Amino acid sequence: MVMDWSERFSPYGRRAKASEIRELLKLLDQPDIISFAGGIPDPKLFPRQLMADVHAEIFADEALSNQALQYSVSEGYGPLRDLLVAEMKSLGITCTKDNIVITNGSQQGLDLLGRLFIGPDDKVLVARPTYLGLLQAFTASGPTYGDIAALTGPAPVRAKLAYAMPDFQNPSGETMTLAEREALLEGARRSDLMVIEDTAYNKLSFDGPLLPSLMELDIAREGDIENSRVIYCGTFSKSVVPGLRVGWIVAATPIVQKLVLMKQASDLHTSTLAQMTLAKVMECLPAHHADTLCDTYRPRRDAMVQALEEFMPEGVTFTRPGGGMFIWVELPEGFDGAALLARAIAEERVAFVPGSAFYATQPKLNTLRLSFSATAPEKIREGIRRLGALIAREHNGMSRAATA
Ligand SMILES: Cc1ncc(COP(=O)(O)O)c(C=O)c1O
């Protein structure tokens, strides 16, 4: 007899589904493919020597290494939270250590927030398109989804919370203007919603300083973080390294206290060694590290925008991001990103992520996400040239079929 395991899973477990895209990305790890698929940092930018020095320093000291290898508190390593209080202050957000919980990457932060706030049939407002990992984290809780654009309409929206990425959004690369940020917050107040602000890419600002965060704007209006409806998710993944899995949440104290209890139940705490390492890295990393990241990624963004302008046939539109790792492409109606990917791999050895994965509902099939972060400019140009040629061939074929 074959066991029917699905019968035994809880409703929460049953709703957890594999992402076709994540499965697909596993297949793209072949050296002759020019991949614009994964949104990953360039490992050449990892501060490897500093990491080695910091680990050596910790392990040369008996008391420090005992602490690094020991269990620790669920809210996170105190000195790291102190440094994050200062970091948040530099971003215009006044908070105390009690407003911060350290998480295993911001992905765990999103998962804990989903479980804290979302029950079956609660409505969550997200952008079209939005971050795939947010959908994975929240969908197991059984919400319905709505379009965050509804928040800025005249009528209040019945929903539990909204999720937004104001800077260099994944997947679109777009940044919200100051007026759009104010309007989103105004809508959230009118409809009495919480707002999760995901800042994963905010250190990768290529063309100038960041606009104020949603949390900064909301605190300026409400007077205090304890009255803010914004929950801020931060991460070291794009600014230092993703492999240590360290992120943080900043929020009103009652929310943080609840998250700490959930974190305790989930994994007791984030790796003490990883947190100590990042605290030391934050103290020692030269202030110009973010400039080094931007100086590497900016020419890649430029190369991709330029190549798209040069090689994409008429009818294809794309974003021109001011930072982050992604460009969003819209193809003429009738294209299907997933079908195009199969041909792009087989015929041109180029990969990207079909855009449909980034929609909570009613996916737009004629969209693609391209990442420029891990590919050198010359290779980006060659990959976009090949992709442009394929799209032009396909487009001509579609036009011929339509006129036949
Ligand atoms: C928008 C966004 N949020 C959160 C994450 C999760 O990052 P991490 O868990 O590494 O902090 C990612 C990762 O790519 C992301 O793109």
Side-chain angles (χ1 to χ4, degrees), residues 19 21-22 25-26 35-43 45-46 76 80 84 87 100-115 124 126-139 148 161-176 195-205 210 213-215 230-250 259 263 266-267 270-271 274-275 277-278 281-282 293 297 319 321-328 352-353 355 357-360 369-374:
S19 143
I21 294 303
R22 295 230 199 266
L25 293 181
K26 291 183 198 157
S35 179
F36 303 129
I40 55 171
D42 187 332
L45 295 166
F46 296 159
L80 179 62
L84 286 170
E87 163 91 4
I100 299 183
V101 53
I102 305 292
T103 55
N104 244 332
S106 52
Q107 187 65 33
Q108 184 186 39
L110 297 175
D111 177 55
L112 295 178
L113 289 168
R115 288 194 279 134
V124 177
V126 295
R128 289 178 56 76
T130 190
Y131 171 50
L132 168 63
L134 181 279
L135 298 176
Q136 281 192 302
F138 274 26
T139 297
I148 199 168
L161 60 79
Y163 167 77
M165 214 182 308
D167 301 297
F168 326 124
Q169 200 236 27
N170 177 5
S172 72
E174 283 178 341
T175 291
M176 292 168 68
V195 178
I196 297 179
E197 174 173 35
D198 187 331
T199 66
Y201 298 89
N202 74 351
K203 280 278 189 325
L204 307 181
S205 178
L210 288 175
S213 65
L214 296 175
M215 183 172 247
V230 179
I231 300 172
Y232 181 107
C233 294
T235 179
F236 291 105
S237 290
K238 317 296 175 181
S239 59
V240 188
V241 291
L244 292 185
R245 309 303 306 128
V246 182
W248 66 97
I249 294 174
V250 188
L259 290 169
K263 172 97 182 135
S266 171
D267 61 4
T270 293
S271 152
Q275 294 185 72
T277 303
L278 278 166
V281 165
M282 268 183 98
L293 302 180
Y297 294 137
T319 55
M325 295 186 171
F326 307 106
I327 290 182
W328 184 250
F352 52 83
V353 182
F358 301 98
Y359 290 90
R369 188 193 74 177
L370 302 175
S371 167
F372 51 79
S373 58

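Start at 1 with the first residue, then count along the sequence. Every number for a ligand or one of its atoms is a count from 1 in the order of the listing. Treat the numbers as computed from the prediction; the structure is a model and nothing was measured.
Pairing each heavy atom of I40 with each of A374, the nearest pair is O-CB, 3.9 Å.
A ring-centre distance under 6.0 Å is not found for F138 and Y163.
Between the side chain of Q107 and the backbone N or O of G133 there is at least one donor-acceptor pair closer than 3.5 Å.
Within the listing of ligand 1, atoms 6 (C), 8 (P), 9 (O) sit less than 4.0 angstrom from a heavy atom of Q107. Taking a cut-off of under 4.0 Å to the non-hydrogen atoms of M165, the atoms of ligand 1 that pass are 1 (C). Contact atoms of ligand 1 toward T235: 8 (P), 11 (O) (distance under 4.0 Å to a heavy atom of the residue). Every atom of ligand 1 is numbered from 1 in the order shown, and the set under 4.0 Å from a heavy atom of R245 is 8 (P), 9 (O), 10 (O).
Distances from atom 3 (N) of ligand 1 to the heavy atoms of T103, D167, I40, D198 put D198 nearest.
Among all non-hydrogen protein atoms, the one lying nearest atom 16 (O) of ligand 1 is Y201 OH, 2.6 Å. Nearest protein heavy-atom neighbour of atom 4 (C) of ligand 1: S106 OG, 3.3 Å. Atom 12 (C) of ligand 1 has its closest protein heavy atom at Y131 OH, 3.2 Å. Of all protein heavy atoms, the one lying nearest to atom 10 (O) of ligand 1 is S237 OG, 2.6 Å.
Residues passing the ring-ring contact (aromatic ring centres under 6.0 Å, His included) test with Y232, sequence neighbours excluded: none. When the side-chain hydrogen bond (donor to acceptor under 3.5 Å, both in side chains) test is applied to T103, no partner is found at least two apart in sequence or on another chain.
Classification of the W248-F236 ring pair by plane angle, with boundaries at 30° and 60°, yields tilted.
Taken from CD in Q136 to OH in Y131, the straight-line distance is 7.5 Å, to the nearest 0.5 Å.
At a heavy-atom distance under 4.0 Å, only side-chain atoms of K238, from C-beta outward, approach ligand 1.
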